[in-house]
Amino acid sequence: MKKVTLLMSGIMVMSCAPQQKKLVYPETAKVDTIDVYFGTQVPDPYRWLENDTSAATTAWVEAQNKVTNEYLSQIPFRENLLKRLTELADYEKISAPIKKHGKYYFSKNDGLQNQSVFYVQDSLDGEPRVFLDPNKLSEDGTVALTGLYFSNDGKYAAYSISRSGSDWSEIYVMDTESGKLLEDHIEWAKFTGAAWQGDGFYYSAYDAPSKGKEFSNVNENHKIYYHKIGEPQSKDKLVYQNPAYPKRFYTSSTSEDERILFLTESGAGRGNNLFIRDLKKPNSPFIQLTTDLDYQYYPIEVIGDQIYIYTNYGAPKNRIMVADINRPKLEDWKELVPESEAVLSNAEVIGGKLFLTYDKDASNHAYVYNLDGKQLQEIELPSLGSVGFSGNKDDKECFFGFTSFTIPGATYKYDMDSNTYELYRAPKVQFNSDDFVTEQVFYPSKDGVKIPMFLTYKKDLKKDGKNPVFLYGYGGFGISLNPGFSAIRIPFLENGGIYAQVNLRGGSEYGEDWHVAGTKMQKQNVFDDFISAAEYLIDQKYTDKDKIAIVGGSNGGLLVGACMTQRPDLFRVAIPQVGVMDMLRYHKFTIGWNWASDYGTSEDSKEMFEYLKGYSPLHNLKPSTNYPATLVTTADHDDRVVPAHSFKFAATLQADNDGTNPTLIRIDSKAGHGAGKPMAKVLEEQADIYGFIMYNLGMKPKF
């Protein structure tokens, strides 16, 4: 690809008029930048917005936020909505307990704490005491705990943090008994845990980035190091690197007995490769077990000489296989639990048994197997929903968390001998779940494939074609959307809205084939599935086109951007959150190259370039078009999907929109892609998003 850059003009900023009906947007300067792809010239007039640290971009961000904040502040019910959201969020949220070295650890948020606090207790009925409080790591709650890793002897706990929502991690170490923070400090770690061996741990990191480009430059040369407690990071031992493939991820984990070091390689396909090293043999080499990055191979547990492995190799809906440490290569693996009609979505060993979670039509079902692969029993869950188990491989004590669209996350204690469970903890939320119902429907997409969709609404809803709809989807990277509770949705539901969650192709609700059907030159299937969902809801008299808001984040932001540009007539409101909007250049920032397995890149071939350009949200906006009322959201520290995607899309949309509907961008500060965002920021953002949706759908909520 050849780039031609000509003349850049200056930035002009205009203030916003206070009247909502006639918005005046900041005037965004254009540059004469042209990229040439396979002989085709593609202008990129807002290329300068990719420089997220420049004074010009900073001025543009401030001007855009001024317009957006003035608009949102004039929504008449916005403050009451924030008050109701705050009231609903103010309930105790507690995780299932994790038993480590005879003690129980769990996280708890009293309600409105910015970050959840980790507690420890000596017994299940013992008095909890604070183990680690992330709220004390920053005054504004923007430092988040991203992982907690106990040494196998119980002496130490390493924990990782993220600042302002960035993917960059720092690792600290504390003495578990005294709670004293040690001097150990790891910087520029990314996509890593702490895998303990002896008095140290393995972790993955990059070289320190260039100053000023920490959140935008391409991340290359992921390396694995070993850190010994008490030594500075500069003395950490380089354990693995692969300069031949700078754009791949390398992560590590260790078996509980510290015999095996696992290494996974990913980033160049839909799956990963798996390596092992025998830590009992000094200077032993890594042994590569697999050679195809389009399949997934994840170790579940090591028991004796047997490695239990979760994989979709030869099984698109996943299976369990066993490798012998003495003959560990793939050709010698043996199948333990074969592929079934349902999708195996999770597996772990608790109390000497296999706990397997399967997805059937996007809802979880749980089963217990013995270690010989024989099914022992099904665990009848409370309803259709999502489950997660907690327990140790040698301990018969087992807990599981369960949630659905109308059931907040509750914890149950499970007795594997009697196959019964009892409620251990359940939160109390200020709404009546009995007033709402969830149904699952199946509708045909454009090509006739049946797509599942969950609909949640008040029991007295009438199908009169007038109900507001919050239509949500993702459709990518093999990520399934299972049922789950969110207090944030309740005000919309209480005021007659329908929450619609669609299980689009591109996810893994029906296995790897379902995923592949929404990738690369089949990506249009995902958009067709989402568009067909809206058409189905209209046909079935749930709603009409003036009552539909479409929402999605990250790859889901791409979904919203593509659908609103392909069918601007079908939706009233669009909320593309932290979206991938420039499909021709996404791979040139941070870890964007990792998404090529799903998207392909504009450099792959003429055909791939043309296909990407054919749906890229940024490149399919057309002048003088009546686009839906749009609120683009992003954040200044998003180093997953850099804010330039949203900046350029919003600037182009403001230039091309015919002026009928508002076209705004909300740019958060000291925030990233979404994970770890403090509760105060979450509530403010959601009040803005739901306020914008409800206002532009013509709702008159009662709070």
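The basis for the numbers below is simple: all heavy atoms, side chains too, and nothing from hydrogens, waters or symmetry mates.
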* Asked: Under 4.0 Å between a Lys/Arg side-chain N and an Asp/Glu carboxylate O for Glu397 and Lys99?
  -> yes

* To do: Verify, without hydrogens or angle tests, whether Asp175 (side chain) and Lys180 (backbone) share a donor-acceptor contact under 3.5 angstrom.
  => no

* So, His185 versus Glu170: side-chain donor-acceptor pair below 3.5 Å or not? -> yes

* To do: Indicate the ring-plane relationship of Tyr586 and Trp595, choosing parallel, tilted or perpendicular according to the 30° and 60° boundaries.
  => parallel

* Looking at side-chain heavy atoms only, is the closest gap between Ile379 and Tyr421 below 4.5 Å? -> yes

* To do: Would you kindly say whether Ser255 and Asp257 are connected by a side-chain donor-acceptor distance under 3.5 Å?
  => yes

* **Donor-acceptor contact present, side-chain Asn114 to main-chain Ala680, <3.5 Å** => yes

* Side-chain donor-acceptor pair under 3.5 Å between Asn109 and Tyr91, yes or no? -> no

* Using modelled atom types only, decide if a donor and an acceptor are shared between the side chain of Asn482 and the backbone of Ala362 within a distance under 3.5 Å. => yes

* **4.5 Å side-chain heavy-atom contact, Gln233 and Glu187** => yes

* Asked: Given Cys398 and Phe389, is the side-chain contact (heavy atoms from CB on, under 4.5 Å) satisfied, shown in steps?
  -> CA-CA 7 Å; Cys398 177; Phe389 290 93; 4.0 Å; yes

* To do: Say whether, by atom type as modelled, one donor and one acceptor occur between the side chain of Asn364 and the main chain of Val387 under 3.5 angstrom.
  => yes

* Asked: Using 4.0 Å as the upper bound for N to carboxylate O, is an ion pair formed by Lys677 and Asp668?
  -> yes

* Asked: Hey, would you say the Tyr240 and Tyr250 ring centroids sit under 6.0 Å apart?
  -> yes

* Steps toward side-chain hydrogen bond (donor to acceptor under 3.5 Å, both in side chains) verdict (Asn318, Tyr310) -> CA-CA 7 Å; Asn318 308 319; Tyr310 169 97; 2.9 Å; yes

* Quick one: does Glu684's side chain get under 4.5 Å of Leu82's, heavy atoms only? -> yes

* Could you tell me whether the side chain of Ser404 reaches within less than 4.5 Å of the side chain of Phe485, counting heavy atoms only? => no

* Going through the checks in order, is the side-chain hydrogen bond (donor to acceptor under 3.5 Å, both in side chains) test met by Gln197 and Tyr226? -> CA-CA 9 Å; Gln197 183 203 3; Tyr226 179 78; 4.9 Å; no

* To do: Without swapping roles, check the side chain of Ser486 against the backbone of Ile488 for a donor-acceptor pair under 3.5 Å.
  => yes

* Asked: Under 3.5 Å, is there a donor-acceptor pair between the Asn503 and Glu509 side chains?
  -> yes

* To do: I would like to know whether Ile260 and Leu279 meet side-chain contact (heavy atoms from CB on, under 4.5 Å); could you show each step before the answer?
  => CA-CA 6 Å; Ile260 300 297; Leu279 295 175; over 6 Å; no

* Asked: Got a salt bridge between Asp167 and Arg640, using NZ or NE/NH1/NH2 to carboxylate O under 4.0 Å?
  -> yes

* **Side chain Ser210, main chain Lys213, donor-acceptor under 3.5 Å** => no

* Verify whether one side chain among Tyr474 and Asn555 offers a donor that lies under 3.5 Å from an acceptor in the other. => no

* Asked: Donor-acceptor pair, Asp598 side chain versus Phe477 backbone, under 3.5 Å?
  -> yes

* Structure fact -> Distance col, row Phe201:CZ vs Asp236:CG, nearest 0.5 angstrom, shows 7.5 Å

* Asked: Should Gln686 and Leu683 count as side-chain neighbours, where that means a heavy-atom distance under 4.5 Å?
  -> no

* Asked: Considering residues, nucleotides and ligands other than Lys237, do more than 12 of their heavy atoms fall under 6.0 Å from its NZ?
  -> no

* **With His222, the ring-ring contact (aromatic ring centres under 6.0 Å, His included) member among Trp188, Phe249, Trp593** => Phe249

* Between Asp394 and Asn392, does any side-chain donor sit less than 3.5 Å from a side-chain acceptor? -> no

* To do: Could I get the full list of side-chain hydrogen bond (donor to acceptor under 3.5 Å, both in side chains) partners for Asp90, not counting sequence neighbours?
  => none

* Asked: Between Asp688 and Arg78, does at least one N-O distance fall below 4.0 Å, as a salt bridge requires?
  -> yes

* To do: Run the numbers on Glu422 and Tyr424 for side-chain hydrogen bond (donor to acceptor under 3.5 Å, both in side chains), then give the verdict.
  => CA-CA 6 Å; Glu422 59 183 9; Tyr424 178 64; over 6 Å; no

* Between Ser508 (side chain) and His515 (backbone), is there a donor-acceptor pair under 3.5 Å? -> no

* Do Val302 and Arg259 have side chains that get closer than 4.5 Å, going by heavy atoms? -> no

* Which residues satisfy the ring pair (Phe, Tyr, Trp, His ring centres under 6.0 Å) test with Tyr472, sequence neighbours excluded? -> none

* So, Lys247 and Asn594: side-chain donor and acceptor under 3.5 Å apart, yes or no? -> no

* To do: With the side chain counted from C-beta on, respond yes when Lys108 and Ile94 share a heavy-atom pair under 4.5 Å apart, and no when they do not.
  => yes

* Assess whether side-chain contact (heavy atoms from CB on, under 4.5 Å) is satisfied between Leu261 and Ile276, documenting all intermediate values. => CA-CA 6 Å; Leu261 173 64; Ile276 64 170; over 6 Å; no

* To do: Verify whether one side chain among Asp359 and Ser345 offers a donor that lies under 3.5 Å from an acceptor in the other.
  => yes

* Between the side chains of Ser107 and Ser116, is a donor N or O closer than 3.5 angstrom to an acceptor N or O? -> no

* Would you say the side-chain atoms of Ser169 and Ser160 include a donor-acceptor pair closer than 3.5 Å? -> no

* Going by distance alone, is a donor N or O of one side chain under 3.5 Å from an acceptor N or O of the other, for Thr264 and Thr251? -> yes

* Under 3.5 Å, is there a donor-acceptor pair between the side chain of Trp196 and the main chain of Glu256? -> no

* Ring centroid separation for Tyr159 and Phe118, is it under 6.0 angstrom? -> no

* **Aromatic Tyr245 / basic Arg248 pairing, under 6.0 angstrom, 45° off normal** => yes

* Asked: Between Tyr119 and Phe106, what is the ring plane arrangement, given parallel below 30°, perpendicular above 60°, and tilted in between?
  -> parallel

* **Validation row: Ile300, Ile309 side chains within 4.5 angstrom (heavy atoms)** => no

* To do: Quick one: do Asp207 and Lys223 satisfy side-chain contact (heavy atoms from CB on, under 4.5 Å)? Show the steps, please.
  => CA-CA 9 Å; Asp207 294 337; Lys223 301 171 185 176; 3.2 Å; yes

* **Centroid-centroid distance, Phe131 to Tyr105, less than 6.0 Å** => yes

* Asked: Is any side-chain N of the basic residue among Lys155 and Asp199 closer than 4.0 Å to the acidic one's carboxylate O?
  -> no

* To do: Using the six-membered ring wherever Trp is involved, compare the ring planes of Tyr203 and Tyr225 and label them parallel, tilted or perpendicular (cut-offs 30° and 60°).
  => parallel

* Could you check Thr68 against Asn65 for side-chain hydrogen bond (donor to acceptor under 3.5 Å, both in side chains), going step by step and ending with a plain yes or no? => CA-CA 5 Å; Thr68 299; Asn65 271 339; 5.1 Å; no

* Can a salt bridge be assigned to the pair Glu177 and Lys103 using a cut-off of 4.0 Å between side-chain N and carboxylate O? -> yes

* To do: Decide, yes or no, whether a salt bridge links Glu87 with Arg84 under the criterion of side-chain N to carboxylate O below 4.0 Å.
  => yes

* Is it true that Tyr690 and Phe470 have ring centroids separated by less than 6.0 Å? -> yes

